[in-house]
Every structure is written in C-alpha cells, then in structure tokens.
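Just the heavy atoms: all of them, side chains too, but no hydrogens, waters or symmetry mates, feed the values below. Each ligand, and each atom within it, is numbered from 1 in the order the structure gives. Position 1 is the first residue of the sequence, and the numbers go up from there.
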Amino acid sequence: MVFHSSRGEFPTTRMRRLRQQAWTRSLACESSLAPSNLIWPLFVLPDEGCEEPIESLPGVFRRSADLLLPQIEQAIQLGIPAIALFPVTPPELKTEDGREAINPNNLVCTTVRKIRDRFADQIGIICDVALDPYTVHGHDGLLRDGQILNDETLEILQQQAIVQARAGCSVIAPSDMMDGRVARIRSSLDQEGFQKTLIMAYSAKYASAFYGPFRDAVGSKKNLAGGDKKTYQMSPANTDEAVHEAALDLREGADIVMVKPGMPYLDIVRRLRSELAVPTAVYQVSGEYAMICAAAERGWLDLDACMMESLLGFRRAGADMILTYFALEAAKTLQMR
Ligand code: PBG
C-alpha cells in the first residue's frame, strides 16, 4: 500500500491533470466493461409464436423458444458468452412438491435442447436449480407444516440438475439456498458423467425485496402470497455470512460464486473477489433494472448512461461477470463505442 502522504500535494499534485482529455482518462482507466462480461437472463414461455411484455420490466419479454432463437443469435453476434433461462411454468403444472422440475421434457429442458440444436456450443446455457417455478406455494424447496425442508429438497434438486444437464445445459445454477446443495449436485453430476458441467452457485443470495418484478415475470408472486424466503435466503444485514456461504460452496465444488442482488450489495462483491479470489458473478436483479427504467421513463435519469454506469460499477467492485436484463442493450452500446 502506498502512503498517500508520500505523494505530492497541491499545487505539485493536480488530480485533474489526468482527467483533462479523453485520451488521458482512457489511459488511467481502472476498470472496463465488455460484452464478454455479460450474461443475459431470458424468460421462456411454452408453445410457439408467443411473446408477452412484462409490465414491471419494460423492454423485457417472455417468449416461446422459437422466438427466443433469433434473440439468442443476436446475443452471440454481439459477443455475449451466456444466457440464463427461466421458465414460465403454466399454473396447472405447479404442484405441492414441484415435481415438474424433474420432468425431462419440461419447458426449460425442451428449450435447452432447441437452443443446443440450433447453436451447438456457441453460447453457454445457464439453468436455475430451485423449485419455485414449479411449486404451488412459490417456495424454492419442499414445504411441510410451514417449514421449508432442507434435506428432502436436496433429493429433488439433484434430479433437477441431472435432467437439465442431460438436456444440454452448460452451467447449473442452484438458486435455492438449501444447505449442502452444491455438494449433492456436484456428486450426482459426476456420477452421471457430467464432470464438465459447471456450477455457478447463488452463494450470497439475500432475502431481498428487489426480486418483485421477477416474481411477476415467472408468476410466482401470487403463489408466494406475501410469504417471504427469510428462512433460507440471507439477511441483508450480513457480510461475514456471505464469505462463509461462498467458501462452503467452493469446497462443495462450485466453479463460480454469485452475489445477488447487485447494486445494494457491492461491498459483498468486493469481499468475495478479494478474500476468495475466485470467479465471481453478480446479478443485477429485476428490481434494480425496473428502478432505472422507471426513473428514465419519467425523464429523471438517462437510461443508457445509468445502465452503463451501473454495470461498470459491478466491474469496479470486482465482478467478473454480470447477469443483467440490460445485456443486449449494453452490448449494443459497447459495440457502437
Ligand atoms: C428463484 C430466483 C429468483 C430470482 C432468480 N432466481 C427469485 C426469488 O428468489 O424469489 C430473482 C431474479 C431477479 O429478481 O431478477 N429461485
């Protein structure tokens, strides 16, 4: 660490010297953002030819697989390395135990196969492991007598990971926050011959109010009926606990750790990156996206500038990769620069 007192003072030192021109600013630039840092979350509808806007996520659509393909093609052309798929499960397929999660022909699996058929390995496909798209109560695990069961949930999560890997998913992303899930998923993937399938663990996933628009998008909000996920997602007050969670996930076999949400948790991104020194992802969640869009719609913020600044902030905090609904727009902006 350089002692600032050993450096010159004004007028010898003038911080503005390096800020004078675009070229000096660019030489002194400490962090950067590229399309290769971005992961694009996509909402998937059943059937064909379906496209629906999401009211609380302006500019984001739910689309059937056939209509997603051209979108994914654009992402590939822009240099976005991976997408994350979230199925919008028809209500009639939701059950108490979320068993649709392990149906090898469920919406997410059939969609993965279609994407793989069309694009082979040109883009990474990330699939969430958690039961909330499939349960009538909207929780990520099995619910009994008002409790979310941990060990019983692991059984179904490991099967969910296997059906997704078999469909051609490249990265399994457990977002359920059950204890021990990464180890169980890793060993069952290995047993089934999927040693190369990556695990991106939602390690520091907070019980956040910023997920609201996402729950609208996948239709889990009314299932959850005002309930919360505080018995398994982390308290927004905690930071050491995030390091502990991420360290455990790494020991259990995670390749990438994630912090979620993003903007209110930049300190956590920085701690994981500095203290664990492993690939770190951050999720700019639905509520963060919605806030920026809503203010921009009112003319209170410049959408493009705030989008780019929020994403660069994640990189400065230490994130290697960013899941963001802005991925396509940001990649287009970067291409024009
Ligand atoms: C589900 C899941 C959630 C998000 C990603 N996976 C919601 C939740 O935990 O209720 C939120 C993403 C977002 O808000 O953009 N396990």
Side-chain angles (χ1 to χ4, degrees), residues 38-44 54-62 82-89 94 98 100-101 107-108 126-143 148 153 156-157 160-161 164 169 171-178 181-182 185 199-236 245 256 258-265 281-294 307 310-311 314 321-327:
L38 304 174
I39 296 171
W40 194 21
L42 296 169
F43 297 106
V44 192
I54 301 159
E55 206 188 336
S56 51
L57 290 173
V60 178
F61 294 82
R62 307 180 189 93
I83 53 170
L85 297 180
F86 295 99
V88 184
T89 309
K94 296 191 184 190
E100 178 66 5
L107 180 55
V108 83
I126 303 171
C127 292
D128 238 46
V129 162
L131 300 185
D132 59 313
Y134 308 105
T135 50
V136 283
H137 44 74
H139 278 292
D140 294 17
L142 297 172
L143 179 70
I148 301 298
T153 299
I156 181 158
L157 295 179
Q160 185 182 18
Q164 292 176 349
C169 161
V171 183
I172 298 293
S175 72
D176 53 281
M177 291 299 277
M178 297 301 117
R181 86 265 212 227
V182 173
I185 290 170
I199 297 180
M200 174 191 274
Y202 285 74
S203 301
K205 179 171 181 181
Y206 287 88
S208 170
F210 286 95
Y211 307 147
F214 175 96
R215 293 176 189 169
D216 286 337
V218 299
S220 63
K221 189 180 257 167
K222 56 183 182 313
N223 298 97
L224 207 52
D228 63 52
K229 300 189 175 183
K230 289 179 185 166
T231 69
Y232 47 105
Q233 297 181 348
M234 283 182 51
S235 160
E245 275 281 9
I256 300 164
M258 192 202 295
V259 176
K260 176 185 175 190
M263 217 143 74
Y265 298 89
V282 66
Y283 200 140
Q284 181 177 48
V285 301
S286 55
E288 301 175 63
Y289 174 93
M291 282 195 303
I292 294 176
C293 292
M307 163 179 86
S310 65
L311 297 174
F314 294 128
M321 54 200 103
I322 307 162
L323 290 99
T324 174
Y325 302 99
F326 286 127

Answer with yes or no whether the side chains of S175 and D128 bring together a donor and an acceptor at under 3.5 Å.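 Yes.
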Atoms of ligand 1 close to D140 [distance to a heavy atom under 4.0 angstrom, numbered from 1]: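 Per the distance check, 16 (N).
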What atoms of ligand 1 come closer than 4.0 angstrom to any heavy atom of Q233?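 Once the distances to Q233 are compared, the set is 9 (O).
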Has [X] got a side-chain atom pairing as donor or acceptor with [Y]'s backbone, closer than 3.5 angstrom?
X: E288; Y: M263; value: yes
X: D176; Y: M178; value: yes
X: R62; Y: A217; value: yes

Can you report which non-hydrogen protein atom sits closest to [atom], along with the distance?
atom: atom 16 (N) of ligand 1; value: S175 OG, 2.8 Å
atom: atom 14 (O) of ligand 1; value: S286 OG, 2.7 Å
atom: atom 15 (O) of ligand 1; value: Y325 OH, 2.6 Å
atom: atom 8 (C) of ligand 1; value: K229 NZ, 3.4 Å
atom: atom 12 (C) of ligand 1; value: F214 CD1, 3.3 Å
atom: atom 1 (C) of ligand 1; value: D132 OD2, 2.9 Å

Just checking, K229 and Y232: is the charged tip under 6.0 Å from the six-membered ring centre and within 45° of the axis?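 Ring-cation test returns no.
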Y283 six-ring centre to K205 NZ/CZ under 6.0 Å and within 45° of normal: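 No cation-pi geometry.
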Just to verify, which of T231, L224, D228, D132 counts as forming a side-chain contact (heavy atoms from CB on, under 4.5 Å) with H139?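 Looking at T231, L224, D228, D132, the match for H139 under the side-chain contact (heavy atoms from CB on, under 4.5 Å) is L224.
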Any Y283 heavy atom less than 4.0 Å from ligand 1: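 Contact present.
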Test item, K205 contacting ligand 1 (heavy atom, 4.0 angstrom):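 Per 4.0 Å heavy-atom rule, K205 contacts ligand 1.
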For ligand 1, the portion of A130 having any non-hydrogen atom under 4.0 Å away: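 Side chain only; the backbone of A130 stays clear of ligand 1.
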Check D128 against ligand 1 and report side chain, backbone, both or neither, counting heavy atoms closer than 4.0 Å.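 Within the 4.0 Å criterion, D128 contacts ligand 1 through side-chain atoms alone.
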Any nitrogen or oxygen of Q284, side chain or backbone, less than 3.5 Å from one on ligand 1?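 Looking only at distances, the answer is no, because the N/O contact criterion of under 3.5 Å is not met.
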Residues in ring-ring contact (aromatic ring centres under 6.0 Å, His included) with Y265, at least two apart?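 Once residues adjacent in sequence are excluded, the partners of Y265 under the ring-ring contact (aromatic ring centres under 6.0 Å, His included) criterion are Y206.
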Which of these, M177, R215, K260, has its nearest heavy atom closest to atom 3 (C) of ligand 1?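 Looking at heavy atoms only, K260 sits closest to atom 3 (C) of ligand 1.
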Mind checking what makes side chain to side chain contact (heavy atoms under 4.5 Å, CB included) contact with A327, not counting sequence neighbours?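 Per chain and number, A327 pairs via side chain to side chain contact (heavy atoms under 4.5 Å, CB included) with L38, W40, I80, T324.
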